[in-house]
Amino acid sequence: MLIPHDTRIALDAVVDLVNTEPADDRDEALPDVAALYAFADRHSMSGVGTLGPKDLHAVHGARRQFAGIFAAPDSRTAAGLINELVAAAGTTPQLTDHDGYDWHVHYFAPGASIANHIAADCGMALAFFVVAGEQDRLRRCEAPDCGRAFVDLSRNRSRRYCDSRTCGNRLHVAAYRARRREAAR
């Protein structure tokens with residue numbers, strides 16, 4: 001699957017955003033406006049402007065909606081959730097070339113809030129997966145104690161863990177040790 005650079009950047013941002021949500025084993029990773037600025041900077045979001053508590057609250061709302069998309073049981077459900085998110089953001093597609101990138105499409109209106117920026121660009125990135133029949137690539141880590149979101153970009157759609165070096169390796173080692181214990185009996 002060929003993914004343009006702007007879509008890849010948006011995918012990285014949406015996965016990171018969904019994974020900022022607190023869970024059993026991790027705290028809120030987007031707790032304040034400073035963290036929101038850091039998130040925007042980490043993902044090179046252009047035109048962010050001045051952020052405040054309302055922006056943080058709106059981004060948390062978008063994050064919940066994106067989490068719903070990753071949990072959607074089928075493409076029709078995912079499409080409905082994406083449509084809601086993108087429509088509420090008031091998308092305004094426009095071609096742009098900035099920061100050394102060739103022509104690409106921004107889906108947010110100039111001066112849009114950070115939440116609308118994220119909802120429009122990231123929502124459209126996920127929409128491309130649904131349109132391509134690839135919604136099943138929007139996954140959650142299968143490690144029992146993880147559940148982090150990721151996009152499976154493997155050729156054969158076989159990725160099961162958010163990170164094979166941590167979650168995948170930990171489970172493989174645990175399974176190996178269990179087999180060894182069973183064999184020793």
Side-chain angles (χ1 to χ4, degrees), residues 3 6-73 77-78 80-82 84-86 88-89 107-108 112-127 129-130 135-154 158-178:
I3 301 172
D6 53 321
T7 302
R8 181 58 200 240
I9 289 169
L11 290 172
D12 291 344
V14 72
V15 166
D16 189 20
L17 178 64
V18 170
N19 290 333
T20 64
E21 194 165 32
D24 294 339
D25 64 332
R26 60 184 185 267
D27 294 331
E28 169 67 63
L30 207 55
D32 53 32
V33 174
L36 184 55
Y37 273 115
F39 177 87
D41 186 54
R42 189 168 56 250
H43 294 286
S44 304
M45 294 185 171
S46 57
V48 169
T50 304
L51 301 175
K54 287 173 108 174
D55 295 299
L56 181 64
H57 180 72
V59 169
H60 283 170
R63 177 178 68 188
R64 280 189 298 279
Q65 291 177 284
F66 281 121
I69 295 165
F70 276 84
T77 304
L81 294 169
I82 292 168
E84 283 178 31
L85 189 65
V86 170
Y107 293 94
F108 58 92
S113 70
I114 189 168
N116 285 342
H117 176 143
I118 292 169
D121 268 4
C122 296
M124 290 306 298
L126 297 181
F129 277 78
V130 173
Q135 183 258 334
D136 62 333
R137 289 182 182 266
L138 309 178
R139 298 191 176 162
R140 291 291 188 151
C141 184
E142 292 182 18
D145 58 344
C146 184
R148 294 174 63 89
F150 69 94
V151 178
D152 180 4
L153 297 177
S154 67
S158 62
R159 189 168 161 200
R160 297 173 45 208
Y161 307 109
C162 64
D163 186 351
S164 60
R165 290 182 309 263
T166 55
C167 290
N169 191 45
R170 190 176 66 242
L171 287 176
H172 288 111
V173 168
Y176 171 77
R177 288 179 180 159

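A salt bridge is defined here as a Lys NZ or Arg NE, NH1 or NH2 lying under 4.0 Å from an Asp or Glu carboxylate O, and Glu28 with Arg63 meets this definition.
Side-chain atoms of Asp121 never come within 3.5 Å of backbone atoms of Ala10 as a donor-acceptor pair (strictly under, hydrogens ignored).
Under the 4.5 Å side-chain criterion, counting only non-hydrogen atoms from C-beta, Phe108 is not in contact with Cys122. A heavy-atom distance below 4.5 Å is not found between the side chains of Val14 and Val151. Using a 4.5 Å heavy-atom cutoff, the side chains of Arg8 and Leu153 are in contact. A heavy-atom distance below 4.5 Å is not found between the side chains of Phe66 and Leu138. Contact of the Arg26 side chain with the Glu21 side chain is not registered, since no non-hydrogen atoms from C-beta on lie closer than 4.5 Å. Within the 4.5 Å cutoff, no side-chain heavy atoms of Asp41 are placed close to those of Phe39. A 4.5 Å side-chain heavy-atom check between Leu17 and Leu30 finds at least one atom pair inside the cut-off. A heavy-atom distance below 4.5 Å is found between the side chains of Leu85 and Ile69.
Taking OG1 of Thr7 as the reference point, atom CG of Asp12 lies at 11.0 Å (rounded to 0.5 Å). We find the CG-CZ distance between Leu81 and Phe70 to be 12.0 Å, quoted to the nearest 0.5 Å. In this structure, Phe150 CZ and Arg159 CZ are separated by 5.0 Å, a value rounded to the nearest 0.5 Å. Here the CD atom belonging to Glu84 is positioned 11.0 Å from the CD1 atom belonging to Ile82, to the nearest 0.5 angstrom. Annotation: the span from Cys141 atom SG to Arg160 atom CZ amounts to 9.5 Å, rounded to 0.5 Å. In this structure, CZ in Arg140 is found 6.5 Å from CG in Asn19, a value given to the nearest 0.5 Å.
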Working for side chain to side chain contact (heavy atoms under 4.5 Å, CB included), residues Leu51 and Leu56: CA-CA 8 Å; Leu51 301 175; Leu56 181 64; over 6 Å; no

Ser113 vs Asp55, side chain to side chain contact (heavy atoms under 4.5 Å, CB included): CA-CA, chis, key distance, verdict: CA-CA 7 Å; Ser113 70; Asp55 295 299; 4.2 Å; yes

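Across all their heavy atoms, Gln135 and Ala72 have their closest contact at NE2-O, 3.3 Å. Among all heavy-atom pairs drawn from Asn116 and Ala89, the shortest one is OD1-CA, 3.5 Å. Annotation for Val33 and Gly52: closest pair CG2-C, 3.5 Å, computed over non-hydrogen atoms. The two residues Ala35 and Pro31 make their nearest non-hydrogen contact at CB-CD, 3.6 Å. Minimum interatomic distance between Ser46 and His117 (heavy atoms only, all atoms of both residues): O-CE1, 3.4 Å. Scanning all heavy atoms of the two residues, the minimum distance from Phe129 to Arg137 falls at CE2-CD, 4.0 Å.
If you check the side chains of Asp16 and His43, you find a donor sitting under 3.5 Å from an acceptor.
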